[in-house]
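To start, the structure under review is shown below, and the notes come after it.
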There are 2 protein chains.
Amino acid sequence: MKENTGKSKYVILGMLARMPLTGYTIKKWIENEYSHFWQESYGQIYPSLKKLVAEGLAVSSDNTETGNRRGQILYSITDAGRKELSDWLREEPEIEKLRYEILLKVSFGGNTEPEVLLGHLDDFIKRNEKLVKDMNGYMEHFDALKVQGTDCTYSQLTALCGVYIYSAMRDWAVLAKEIISEKEVVRNSE
Amino acid sequence: MKENTGKSKYVILGMLARMPLTGYTIKKWIENEYSHFWQESYGQIYPSLKKLVAEGLAVSSDNTETGNRRGQILYSITDAGRKELSDWLREEPEIEKLRYEILLKVSFGGNTEPEVLLGHLDDFIKRNEKLVKDMNGYMEHFDALKVQGTDCTYSQLTALCGVYIYSAMRDWAVLAKEIISEKEVVRNSE
DNA sequence: AATCTCATGTAATGGGTTACATGATTTT
DNA sequence: AAAATCATGTAACCCATTACATGAGATT
């Protein structure tokens, strides 16, 4: 037996707790604001929304009459939904299982030329460097909002985590490159 | 259409490249040495091994006669397997998708009491603190092996990555706690 | 007219864990 | 004799992405 571990439900509830949204905008928001630590596809979002309504945790308003353009369906959270969200927030977060393919390749590095790994590490450094910049951009954006009186402390904390994690990955990769290169120098001089 | 993205195959090939192993020992090794950045279950390992043999990338020797205790099956890599491994190592590693439930909860933090988040962050700090210790333990272990003349550079690099990543997560969480607590002080004094 | 974006949705497929089934050997 | 560990394996299930289908409204 296994209880439902699907998190899509709670991501959606968390977003609806701020304001009513359509499935489409939920997807777009996750892409823009959560993508560095979470992702959801339409294949998860639309069925989840229907389930939320069936469970009384959200209500849908497909008011095609009331000036609502296109066939869009707005979902709003209910009191039961807020309760469900709050209960979930109290539960201990699941221990994250990391799957870094680059580490797998590094650990099997003896089966290829050092240049191959150095190349992968270069790409990795560039990618993480860009992510650090993006995250710092978010940080500044949130600082600007704070000056205007909008409190974004919690969102900003996730961006800060991004800064920390991507900086660490970049720094590791830079050091890893040095260690691999040094090892090669030693090997060649023997 | 979608090409096969299953990585189990390559993890197993990478391990077999060092020495012949049974499915059971592959599982145990992954648990002990790779668990901080990779995981595989028996449900993946046993079918994958059979597939590897079918593809000629590995051979099995269930020599129950030749003193092999129990029904264990030893798998060895073939030349074709080494080629396959080497080809895969050259491919660009897939971009890792992170899923940090704790960040989700932090970002929805406005829907619960700050104490709830502070509690989660405490657990998170303890967990990462322990992981940093574990990784440093591995680092020393590899240093000791290096003194004995065994080259473990690549394995050690993955442990080093662990040190970096878990330290970063811990540091972030410590700072996050401070920021949340401070925010509360301000809120209460208003 | 064509194309792009908005918008909803489902079916197929893949990837992975969990639970279960089975049995040998070793340890207590 | 019982329990723990070694050892292999499969079926059910869950989670998630991808590909596809459909169509409205806006833009070029």
Side-chain angles (χ1 to χ4, degrees), chain A residues 1-12 20-32 34-35 37-54 58 60-65 67-75 94-101 104, chain B residues 1-12 20-32 34-35 37-54 58 60-65 67-75 94-101 104:
Chain A
M1 310 307 114
K2 207 199 151 213
E3 64 270 38
N4 186 20
T5 48
K7 306 284 159 50
S8 316
K9 178 177 171 178
Y10 302 107
V11 186
I12 295 172
L21 295 164
T22 67
Y24 189 80
T25 49
I26 286 171
K27 177 77 201 304
K28 293 294 149 196
W29 280 34
I30 291 177
E31 272 172 19
N32 292 331
Y34 301 95
S35 63
F37 66 89
W38 205 265
Q39 44 281 136
E40 294 288 346
S41 63
Y42 288 126
Q44 295 278 105
I45 293 170
Y46 286 116
S48 292
L49 281 168
K50 292 201 164 174
K51 230 180 276 176
L52 286 179
V53 173
S60 64
S61 63
D62 56 47
N63 31 350
T64 26
E65 346 59 59
N68 214 335
R69 295 151 15 273
R70 303 181 186 189
Q72 66 181 17
I73 303 167
L74 249 196
Y75 291 88
E94 218 173 73
I95 294 174
E96 47 281 332
K97 288 176 190 165
L98 308 181
R99 275 198 145 202
Y100 279 89
E101 196 182 352
L104 218 48
Chain B
M1 309 312 113
K2 209 200 150 211
E3 64 270 39
N4 186 20
T5 47
K7 306 284 160 47
S8 316
K9 178 179 171 177
Y10 302 107
V11 186
I12 295 172
L21 295 164
T22 67
Y24 188 80
T25 49
I26 286 170
K27 177 77 201 304
K28 292 295 147 192
W29 281 34
I30 292 176
E31 273 172 19
N32 292 331
Y34 301 94
S35 63
F37 65 89
W38 205 265
Q39 44 281 136
E40 293 288 347
S41 63
Y42 287 126
Q44 296 277 105
I45 293 170
Y46 286 117
S48 292
L49 281 168
K50 292 201 166 175
K51 231 181 274 176
L52 286 178
V53 172
S60 63
S61 64
D62 54 47
N63 31 353
T64 25
E65 346 59 57
N68 215 333
R69 291 147 24 268
R70 302 178 189 194
Q72 66 181 16
I73 303 168
L74 248 196
Y75 291 88
E94 217 173 74
I95 294 174
E96 47 282 332
K97 288 177 190 164
L98 308 181
R99 275 198 144 201
Y100 279 88
E101 196 182 350
L104 219 48

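Numbers restart at 1 for each chain; the letters A, B, ... are given by sequence-line order, proteins then strands.
Residue A/Tyr24 has a polar side-chain atom (N or O) positioned under 4.0 Å from OP1 or OP2 of C/dC6. Distances shorter than 4.0 Å separate none of the side-chain N or O atoms of A/Thr22 from OP1 or OP2 on C/dC6.
Of the possible donor and acceptor atoms, one in the side chain of B/Arg99 sits under 3.5 Å from a partner among the backbone N and O of A/Gln39.
Cation-pi geometry between A/Lys50 and A/Tyr46 is not met: the NZ or CZ atom fails to fall both under 6.0 Å from the ring centre and inside 45° of the normal.
Among the protein residues, B/Lys50 comes within range of the sugar-phosphate backbone only, with heavy atoms under 4.0 Å from sugar or phosphate atoms but none that close to a base. Residue-level contact check: B/Gly43 touches the bases, meaning some heavy atom is under 4.0 Å from a base atom.
With C/dG16, C/dT17, D/dT17 as the candidates, the nucleotide lying closest to the side chain of A/Arg99 is C/dG16. Comparing D/dA16, D/dA7, C/dT18 against the side chain of B/Ser41 picks out C/dT18 as the nearest. Listed nucleotides: D/dT8, C/dA7, D/dA16. Nearest to the side chain of A/Ser8: D/dA16.
DNA chain D is contacted by both B/Thr25 and B/Gln44; B/Thr25 maps to the nucleotide lying nearer its 5′ end (nearest heavy atom per residue).
The distance between atom CH2 of A/Trp29 and atom P of C/dA7, rounded to the nearest whole Å, is 13 Å. Atoms CD1 (B/Ile12) and P (C/dG16) sit 11 Å apart, rounded to a whole Å. Nucleotide D/dT8 holds its C1' atom 12 Å from the CD1 atom of B/Ile26, rounded to whole Å. One atom, CD of B/Gln72, and another, C1' of C/dA24, lie 11 Å apart when rounded to the nearest Å. A/Lys97 places its NZ atom 12 Å from the P atom of D/dC15, with the value rounded to the nearest Å.
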